[in-house]
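Please read the structure below before turning to the comments.
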Amino acid sequence: MSKQEFTLTVYTENQIGLLNRIAIIFSRRKINIESLNTSSTEVEGIHRFTIVIHETEEVVKKLSRQIEKQVEVLRAYYNNNEEIVWQEMAMYKVPTDEIAEKVKVERLLRQYGARAVVIRKDYTIFEATGHREETDKLISVLEPYGLLEFVRSGRVAIIKATRGFHEKLKEFEKRQPGEEVVENEFLNRKDEVFSM
Amino acid sequence: MSTTTTAPKKVVEEKATTKPTTSISGSVAVLEAFLAEGVDTIFGYPGGAIMPIYDALYDYQDKLKHILVRHEQGGIHAAQGYARTSGRVGVVFATSGPGATNLVTGLADAMIDSTPVVAITGQVFAHLLGTDAFQETDVINITTPVTKWNYQVTDATEIPAVLAKAFYIAKSGRPGPVLIDITKNAQLQKFDYAGYEKCDHVRSYRAKPNVRKEYIEEAAQLINSAEKPFVLFGQGVILGKAENEFRKFIEKSGIPAAATILGLSALTTDHPLHVGMLGMHGNYGPNVLTNECDVLIAVGMRFDDRVTGRLDKYAKQAKVVHLDIDPAEIDKNVKATVPVWGDCKETLPLLTELVESKVYPQWLQRFRDHQQQEEEACIHAELNPTTEQMTMGEVIKTLNELTKGDAVIVTDVGQHQMVACRYAKFTQSKSNVTSGGLGTMGFALPAAIGAKFGAPERTVVAIIGDGGFQMTLQELGTIMQCGIQVKILILNNQFLGMVRQWQQLFHDRRYSFVDITSPDFVQLAKAYHIEGASISERTGLEGALKKMLEHDGSYLLEVMVGKENNVFPMVPQGCSVAEIRLK
């Protein structure tokens, strides 16, 4: 099984220290986190970690179970890039003189979907969102024009197949889960999941 | 990463309550929580940051027994021993900084061996957090990898709900250690207390799942079609209080069963279907036949590397049914053909109902044949030695004869542990207390103290090596002060024996720093007003053990055994279980 990019989506309570608890699951196994983002969700009080790692599916599967085992984690999903829609946001600071004289700003904006966020006498800040390759490309375009600073956010991703967390949360809040609540979801996907 | 703007919520939202309240301190709230949770014994050591709790404890001495240990590590091991023999949550107090860091080994031990423990640590005043205050340590972050859950309390109003949650998490599902760090201001703070409510639900935590019947059915089908089925059982059976359910299952299905080291006493040793112990120093048959069975049924065990040996050569021919309460264990090391996620107290009876009543005389005979081979190759010589020096095995054998297998056996780590677990007889559950997963030398003496408090009506024998004993021998002071009866049996081979064995077998006998000298253990015990004796002659063995057991009080018996005896059989590291060596 070869390594590939996986995105873990982890729904959690909002608790101090949980970031560490999740992070050490990776560091303990000497696995590098490529990108990590936390945010609130559509459900009040529920937070969401989006974690990108480069690993085999077998490892990712085990990691997600270790994460889900943490008391304050409600669910951990993992997906490959085909199963999600994702974006990263990047900002580029370039000298305004250079850019105004030498680049066709308009072309830049159109071609790379960039947006000028701030235009000052001394510098201009562009912003672009997209996949890694796209935001990387803009770096190489801007570099010759004296790129002063570049920063990129962690990945945010939405799983194509899910319908948010409202319904799930109701299940979690039930004290006695009924028969209709499928506790052990991975068992339903046994053939896919248990095929190492 | 982006940060969030909303404040983290408190563990339990404050509820609108109409109940009458009384004003109490955070410290009193801790002790009230203990009483409500049925705690009767606390192991601990006071210090600056936990003084308000100790001050409150002064008034609770008639309801809560506090055992003053000599080191916080001793405190948590005692709490573990208590939990293991009582089946309840062990409780330990420590102060901030060094007090708390001294708990770490025990927390790691409890984590890997799934022992329910609640540790309460004092912490500096909340306004001093992060200032490198006196005895301030980041206890929460230090203990995060070795706790099932931990939480820092800075506001006393949180204490009742947090402790309720702590006890619930520690004992439910797959049990484990929970640490609650309470800042000194919260211990002192008075608040309106509306009573204690036990926790039975945490939104983000499912202690145990609904059992999926279809998997029980699949498992039963697999078992019913098997010709050479084999059951492996672990501590899950004991933690799930499912000993009877387990016995009924194997008795109906007629399947031979072998134990992990922590599972040993879940089934009486002399049960006809109990075929021995698994693992590196386990029995011959269970190891070899793991690689011959056609269906392997694992109950409440986690396929530790000491059990499986080389994983890519482990039971590859077998279909695996894995019963476990922790979904993260399923497929972690060994791929399950049929995963049965659930509490074995629930899953085993369902499975028993569906399995056919059977016997496997020929298959069982295979285990007996292997047992015979092992008997001839190692067991006989170990238990009936003709050597001048005594063997550890004959000491355990004589102990068995005297206790009839009714004693709680607490072991430390090393050769004596393997020998004791191989040969000790158990007639009831929760009788084998040992540091299985972490392999913590120094575990036995303090754990035995806790074990005795957890099962005061039983005889507790701590079997310890000369090396391990010297790691926590300060707990003799605890024994002296609280007057608890612990029988200490030191098997002294004047070596760090297990390391020496490995050096002999795998490092060309280069005995690098395993030659350990010991003090006069009997004199040492005497200094603590504990009676003792030391023997080196076989003729005195039975009498000495008898005296130890019959003595009214704690007793230390040192038995000098052969210096360079080895524990066999052995699965060398990196080998498959089928490659187990008899010598």
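These numbers were taken from a predicted model, which means no experiment stands behind them. Every chain is numbered from 1, with letters handed out A, B, ... down the list of sequences.
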B/Lys319 NZ: over 12 foreign heavy atoms closer than 6.0 Å:
no
Drop me the distance from B/Arg206's CZ to A/Leu74's CG, to the nearest 0.5 angstrom.
10.0 Å
Could you give the distance from CZ (A/Arg65) to NZ (B/Lys332), rounded to the nearest 0.5 Å?
11.5 Å
Just verifying a value: how many Å separate B/Tyr151 OH and A/Ile16 CD1, rounded to the nearest 0.5 Å?
7.0 Å
Give the intermediate values and the outcome of salt bridge (Lys or Arg N to Asp or Glu O under 4.0 Å) for residues B/Lys148 and A/Glu72.
CA-CA 10 Å; B/Lys148 184 174 173 185; A/Glu72 275 130 355; over 6 Å; no
Any chance NZ of A/Lys121 has more than 12 other-residue heavy atoms, nucleotides or ligands included, within less than 6.0 Å?
no
Heavy-atom cut-off 4.5 Å, strictly under: side chain, backbone, both or neither for B/Ile140 against chain A?
neither
B/Asp326 versus chain A, the contacting section by heavy-atom distance below 4.5 Å:
side chain
Give a yes or no on whether A/Leu148 atom CG has more than 12 heavy-atom contacts from other residues, nucleotides or ligands under 6.0 Å away.
yes
What's the spacing between A/Gln70 CD and B/Ser204 OG if we round to 0.5 Å?
10.5 Å
Output for pair (A/Ile24 CD1, B/Asn141 CG), nearest 0.5 Å, gives 8.5 Å
Determine whether A/Arg21 and B/Asn150 satisfy the following criterion, side-chain contact (heavy atoms from CB on, under 4.5 Å), listing intermediate values before the conclusion.
CA-CA 10 Å; A/Arg21 217 169 241 288; B/Asn150 60 8; 3.3 Å; yes
Which heavy atom in B/Trp149 sits nearest to a heavy atom in A/Val71, and how many Å separate them?
CD1-CB, 3.9 Å
Give me the atom names and distance for the closest heavy-atom approach of A/Lys62 to B/Asp331.
CE-O, 3.3 Å
Rounded at 0.5 Å granularity, tell me how far OH in B/Tyr205 sits from NZ in A/Lys69.
10.5 Å
